[in-house]
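See below for the structure under consideration.
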Amino acid sequence: TSTEKYTTTIDANGVYTGTVKANQIIVDSALVVGGSSYNGSISVKDAGNAVKVTLDRTGITAVAGKIGGWTLGAKFRA
């Protein structure tokens with residue numbers, strides 16, 4: 001609405017914003033993180049702010065949840 005204030009800034013240094021909700025994001029191509037020049041990552045945290053999954057250029061690290069019917073937990077961690 002006309003009373004909303006937008007505080008998101010996207011520039012060469014990154015993206016700076018308040019809260020971004022999933023329904024505010026429109027992607028028409030693949031999201032790419034990392035590569036030979038950048039060591040980017042994506043992390044998913046639980047309600048207690050603990051990291052449960054990280055995706056980066058070395059692979060996927062998951063410490064909880066399910067993948068293909070396998071339940072991840074302490075007894076499955078290496």
Side-chain angles (χ1 to χ4, degrees):
T1 67
S2 60
T3 61
E4 292 176 327
K5 296 193 179 222
Y6 297 98
T7 59
T8 300
T9 302
I10 302 172
D11 62 21
N13 298 308
V15 179
Y16 303 90
T17 188
T19 301
V20 176
K21 297 180 181 180
N23 66 351
Q24 294 175 288
I25 300 170
I26 299 171
V27 178
D28 65 353
S29 63
L31 172 63
V32 178
V33 176
S36 61
S37 299
Y38 302 101
N39 190 21
S41 67
I42 298 172
S43 295
V44 177
K45 296 182 177 183
D46 66 10
N49 214 28
V51 174
K52 296 299 179 181
V53 178
T54 301
L55 292 83
D56 61 25
R57 66 182 177 186
T58 64
I60 299 171
T61 302
V63 297
K66 293 183 177 183
I67 297 177
W70 289 83
T71 300
L72 303 177
K75 65 182 180 179
F76 293 109
R77 285 188 231 157

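- V51 and V63 fall into different hydrophobic clusters, where Ile, Leu, Val, Met, Phe, Trp and Tyr are joined by side-chain heavy atoms under 4.5 Å apart, directly or via other members.
- With sequence neighbours excluded, the residues satisfying side-chain hydrogen bond (donor to acceptor under 3.5 Å, both in side chains) with S43 are T54.
- Legend: salt bridge (Lys or Arg N to Asp or Glu O under 4.0 Å) pairs involving residues 34-43, not counting sequence neighbours: none detected.
- Screening residues 37-65 for salt bridge (Lys or Arg N to Asp or Glu O under 4.0 Å) gives D46-K52 as the qualifying pairs, with residues at least two apart or on separate chains.
- Legend: salt bridge (Lys or Arg N to Asp or Glu O under 4.0 Å) pairs involving residues 29-44, not counting sequence neighbours: none detected.
- Rounding to the nearest 0.5 Å places CG of L55 at 5.0 Å from CD1 of I60.
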